[in-house]
Number of protein chains: 2
Amino acid sequence: MRPLEPIGPGGPSPNAASSDDGDDYTFCTTCAFSHACLSEGYAKQDLAALHVLVEHIGPFPPGRPIFKKGDAFNAIAAVRAGTVKTFILDDAGNEQVLGFHLPGEVIGLDAIHSSRFPCSAVALDTVTLCRLSFPKLSLLAARMPGLQQQLFRLLSQDIGKSNLLAGDSSSEQRLAAFLLLLSARYAARGFSPSRFLLTMSRTDIANHLRLAPETVSRIIRRFSSEGLIDIRQRDVQLLDRERLAAMARPILRD
Amino acid sequence: MRPLEPIGPGGPSPNAASSDDGDDYTFCTTCAFSHACLSEGYAKQDLAALHVLVEHIGPFPPGRPIFKKGDAFNAIAAVRAGTVKTFILDDAGNEQVLGFHLPGEVIGLDAIHSSRFPCSAVALDTVTLCRLSFPKLSLLAARMPGLQQQLFRLLSQDIGKSNLLAGDSSSEQRLAAFLLLLSARYAARGFSPSRFLLTMSRTDIANHLRLAPETVSRIIRRFSSEGLIDIRQRDVQLLDRERLAAMARPILRD
DNA sequence: CGGAAACTTGAGAGCCATCAACCAGTGTGG
DNA sequence: CCACACTGGTTGATGGCTCTCAAGTTTCCG
């Protein structure tokens with residue numbers, strides 16, 4: 001039996017440890033914006049101007065709504081810890097899961113153009129956020145070319161993301177792609193790429209991938225019995241990244 | 001037999017008539033950026049600065065590639081006339097149609113973050129474009145808050161677009177939604193909302209909606225026989241917008 | 001006019017959703 | 001401490017929507 005020590009998203013963020021120190025901007029690297037500025041080597045006063053915009057909010061307990069479709073938009077947020085699910089409900093009450101946002105990722109970018117949130121968001125586990133007033137951020141971006149570029153990049157990136165799972169592909173291809181994408185996103189934030197916790201329910205995964213929960217369950221079982229993954233509850237380990245990648249190839253492409 | 005006078009996207013753009021006059025910036029309204037500035041009431045010198053960035057290119061004949069996946073990105077483009085199809089090919093050669101871009105719409109926004117085009121684009125009919133150097137545009141945006149906002153809005157809008165057809169829904173819901181979306185987009189540019197030409201093939205529509213061409217054909221036939229639409233080849237007329245909207249409700253929602 | 005491409009129509013198969021039942025973990029209250 | 005309800009997950013059987021395959025028809029264009 002494999003030991004179940006705390007791992008991945010269950011544990012503390014590896015980079016967030018010093019982010020509450022207040023004065024030392026160099027360590028709030030879970031926040032994509034600070035990070036952007038750091039990597040561009042800006043003057044300390046600009047960093048300060050940016051950092052003063054950052055408002056740490058939360059924690060949100062599991063299930064707590066973060067914003068609702070139709071809410072007035074005036075700030076974007078970067079996830080510091082936990083997982084945020086975005087979704088929309090049609091008038092029959094059917095949920096459509098748009099995506100999951102991991103630590104270091106930004107939510108609310110799709111709300112800019114209409115000044116209202118086009119979707120709702122809820123915390124899947126204990127979530128803390130960095131809130132950034134968008135008007136103030138825009139103002140600052142006009143003064144800081146690197147920040148403007150970073151915002152453009154973030155927005156641009158999100159366009160491509162939704163296209164990934166847009167195609168028609170088999171259920172197994174989509175699930176393989178989903179796991180590999182999660183892995184890559186965790187890896188990008190300093191978590192283990194081969195072992196992590198699925199912070200979302202099977203039902204949410206299924207909905208997001210346009211599958212029935214039963215189908216997800218069956219495919220997970222199959223992946224597991226074929227030695228592609230090892231999974232206990234929501235603790236998943238990727239054993240054969242090669243074959244997973246081969247499966248997901250038509251979706252991930254590169 | 002209904003007469004087949006030239007309509008919609010087949011004819012000249014209703015707003016583009018004077019856009020080649022050079023000095024009078026007030027009439028290049030097919031270009032989303034000029035339009036944005038006009039609506040914000042900018043100083044003439046700013047308009048001039050913007051207009052000097054606009055490079056009219058084309059025409060591209062039907063089938064001509066506009067850019068290819070992997071190409072270096074340095075400019076976005078607004079469609080002046082015609083329809084542009086964006087798509088990606090997996091290594092088996094299977095095409096995945098990401099979207100269609102009508103006059104007034106912008107292409108290339110998804111290329112910003114990686115400085116390479118993540119998809120390919122091809123002209124479906126005779127296409128002319130406004131090319132806008134993105135570095136120069138960014139520079140100008142820092143000086144013109146309204147332009148920066150407009151860019152943010154355009155990018156943000158594109159994020160939402162891809163989410164529309166992301167859900168799982170029946171083939172007839174998706175096709176109804178597709179027709180209504182086209183209608184709204186044509187209407188927004190001054191074309192008839194109830195009658196227009198499908199500038200893309202059934203195969204492309206099918207691919208975009210994750211359906212087989214045969215399925216699209218059958219549903220079009222059904223819509224037609226039920227009096228929802230009247231269609232001759234690619235010339236389509238929406239007859240019962242109400243019922244179409246009712247069908248597409250779970251997708252369009254509002 | 002001829003050939004290719006696009007579109008349509010029909011028949012059969014397959015993937016996945018649906019329905020239903022069961023199981024496991026968790027929290028609640030008697 | 002245990003019965004109970006409840007949520008989330010799993011497993012099995014069945015059916016339907018849509019794809020696939022195949023052939024025929026129309027349109028387009030050299």
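Just so we're clear, the structure is a prediction, and the values are computed from it rather than from any experiment. All heavy atoms count here, side chains included; hydrogens, waters and symmetry mates do not. Per chain, numbering begins at 1; letters A, B, ... match sequence-line order.
- Taking only side-chain nitrogens and oxygens, B/S171 comes nearer than 4.0 Å to OP1 or OP2 of D/dT18.
- Distance from the side chain of A/A212 is smallest for C/dT18 among the nucleotides D/dT10, C/dT18, C/dT8.
- Note: CG (A/D168) to P (C/dG14) measures 18 Å, nearest angstrom.
- Atom pair A/L209:CG and C/dA17:P shows a separation of 10 Å (rounding to whole Å applied).
- Residue B/E214 is in base contact, counting any heavy-atom pair closer than 4.0 Å across all strands shown.
- Side-chain N/O atoms of A/R218 include none lying less than 4.0 angstrom from OP1 or OP2 on D/dT10.
- The distance from atom CZ of B/F223 to atom P of C/dT8 is 14 Å, rounded to the nearest whole Å.
- Remark: B/T215 is in phosphate contact with D/dC19, judged by side-chain N or O atoms under 4.0 Å from OP1 or OP2.
- One can place CE of B/M200 at 11 Å from P of C/dC7, the figure rounded to the nearest angstrom.
- Counting to the nearest Å, the P atom of D/dT27 and the CZ atom of B/R232 are 12 Å from each other.
- Listed for the A/R253 side chain is a donor-acceptor partner under 3.5 Å among the backbone atoms of A/I251.
- Using a 4.0 Å heavy-atom distance criterion, A/R234 is classed as a sugar-phosphate-only contact.
- Classification of the B/Y186-B/F191 ring pair by plane angle, with boundaries at 30° and 60°, yields perpendicular.
- Note on B/R195 versus B/D235: salt bridge recorded, some NZ/NE/NH1/NH2 to OD/OE distance being below 4.0 Å.
- For the pair A/R210 (side chain) and B/A166 (backbone), a donor-acceptor distance under 3.5 Å is present.
- Separating the CD atom of A/Q233 from the P atom of C/dC23 is a distance of 17 Å, rounded to the nearest angstrom.
- Taking atom CD on B/Q173 and atom P on D/dC17, their separation rounds to 12 Å, with Å as the unit.
- Closest approach to the B/T203 side chain among C/dC16, D/dT10, C/dC7 is made by C/dC7 (side chain taken as heavy atoms from C-beta onward).
- Between B/F178 and the choices B/L211, B/L209, B/V216, B/L164, the side chain to side chain contact (heavy atoms under 4.5 Å, CB included) rule is met once, by B/L209.
- Regarding B/I219, its CD1 atom lies at a distance of 10 Å from the C1' atom of D/dC17, rounded to whole Å.
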